[in-house]
There are 2 protein chains.
Amino acid sequence: MNYETLLREHHLKVTPQRLSILSSMSDKGHISIEDLFASVKKKFSSISLATLYKNINAMLETALISEVKILNMKSKYEITKAKHIHMVCQSCQEVMDLELDLSAFVSKASEKSHYTVKEVDIVLSGLCEKCQ
Amino acid sequence: MNYETLLREHHLKVTPQRLSILSSMSDKGHISIEDLFASVKKKFSSISLATLYKNINAMLETALISEVKILNMKSKYEITKAKHIHMVCQSCQEVMDLELDLSAFVSKASEKSHYTVKEVDIVLSGLCEKCQ
DNA sequence: CTGAGTGCAAACGTTTTGCACTTGC
DNA sequence: GCAAGTGCAAAACGTTTGCACTCAG
């Protein structure tokens, strides 16, 4: 995907800082603020942490990116894609996306709890293929 | 459950501060640090925030309590119970526990990702029975 | 009696803010 | 040209630490 188009679709101006952020985020798939700052600085050494935070917040608000909260780790951020769950390796910390049919599961939860389910947030942690 | 026994089973000394914390946490089911501090202060006005944090951390380490990370909300804490998923209401912010059979779901995720799954963290958000 | 727990104040790391300057559109 | 974005320094925020005192076991 083209990041300029992506930004414009979310009503955000295209700046070199934003393009760098999206490029680094896309490279890593899932990245913490700290790692993102280091990564963006390599290509764009003048960027400030304040700008990074402002842009992360702007992109979260328009849902261009999403936050992934993981137990015992700092939050990571990803470019918003089709709905999926997250697999996290407790050894190497890698995060993998997994598309899975959740309809049966969600309707059961919905029925049992009497909640109308709008969002699904699933993180399974353990050991990835390489680390086990 | 008796909180004195619960603390002793987790090799933590029994203090009135800890009993207050557990009592407030149990009353609310799921509570943020901020709300917990306010709630504990009512019964135990001399408690300090430092003590609250030290105890939360001690109890997390022994897994007497668990953290629940929820998107767009502050973390909440609960006394550790049997495995369950969380239903969160986006309107009233209430959190409900739900016990559900996850084995089919987990084995599918495991098979597809080649991960060995050790922990399952599921938060479904939407509207509770009262709020819809 | 002794180590663990408490409360205070200071320190810390992370995130946000205000402001002058620059840039995208 | 003007609103929006940037970078800096300062402030705010939540959390942790060091230390003297107290208490549970």
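Numbered from 1 within each chain, the chains take letters A, B, ... in sequence-line order.
- As rounded to whole Å, 13 Å separates atom P of dG14(D) from atom CG of Leu52(B).
- Evaluated for a side-chain hydrogen bond (donor to acceptor under 3.5 Å, both in side chains) with Ser39(A), the options Ser20(A), Ser23(A), Ser24(A) yield exactly one hit, Ser24(A).
- A close approach under 4.0 Å does not occur between any side-chain nitrogen or oxygen of Thr15(A) and OP1 or OP2 of dG5(D).
- Near DNA chain C, meaning a heavy atom under 4.0 Å from it, residues 16-24 of chain B has Gln17(B), Arg18(B) in order of number.
- The phosphate of dT14(C) has OP1 or OP2 within less than 4.0 Å of a side-chain N or O from Lys74(A).
- Considering only heavy atoms from C-beta on, Leu71(B) stays 4.5 Å or farther from Val123(B) through its side chain.
- Going from atom NZ of Lys41(A) over to atom C1' of dG7(D) covers 10 Å, rounded to whole Å.
- Side-chain nitrogen and oxygen atoms of Ser48(A) include none within less than 4.0 Å of the OP1 or OP2 phosphate oxygen of dC8(D).
- Between the CG atom of Asn55(A) and the P atom of dA4(D) there is a distance of 14 Å, rounded to whole Å.
- A distance-only check finds no donor-acceptor pair linking the side chain of Gln132(B) to the backbone of Gly126(B) [under 3.5 Å].
- Judged by closest nucleotide on DNA chain D, Ile33(B) is the one of Ile33(B) and Arg8(B) placed further toward the 5' end.
- Between Phe105(B) and Leu100(A), the shortest heavy-atom contact is CE1-CD2, 3.8 Å.
- When His30(A), Lys69(A), Lys28(A), Met25(A) are each tested for a side-chain contact (heavy atoms from CB on, under 4.5 Å) with Lys76(A), only one passes: His30(A).
- Within a 6.0 Å radius of CG in Asn57(B), other residues, nucleotides and ligands contribute more than 12 heavy atoms.
- Note: CD1 (Ile47(A)) to C1' (dC8(D)) measures 14 Å, nearest angstrom.
- Enclosure of atom NZ in Lys42(A) is not indicated, since only 12 or fewer non-hydrogen atoms of other residues, nucleotides or ligands lie within 6.0 angstrom.
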Write out a two-atom table: protein N or O, nucleotide N or O from nucleotides 16-20 of chain D, distance below 3.5 Å.
unit_1, atom_1, unit_2, atom_2, d
dT16(D), OP2, Asn57(B), ND2, 3.0
dG18(D), O6, Lys54(B), NZ, 3.1

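- With Lys81(A) contributing its side chain and Ile79(A) its backbone, the two residues share a donor-acceptor pair below 3.5 Å.
- The nearest whole Å value for the distance from the CG atom in Leu12(A) to the P atom in dA3(D) is 18 Å.
- The distance between atom CD1 of Ile56(A) and atom P of dG7(D), rounded to the nearest whole Å, is 14 Å.
- Atom-to-atom, CD of Glu61(A) to C1' of dA4(D) comes out at 14 Å; the value is rounded to the nearest Å.
- Side chain of His86(B) to main chain of His84(B): no donor-acceptor pair is present (N/O by atom type, distance under 3.5 Å, no hydrogens or angles).
- If you measure from atom NZ of Lys13(A) to atom C1' of dG1(D), you get 11 Å, rounded to the nearest angstrom.
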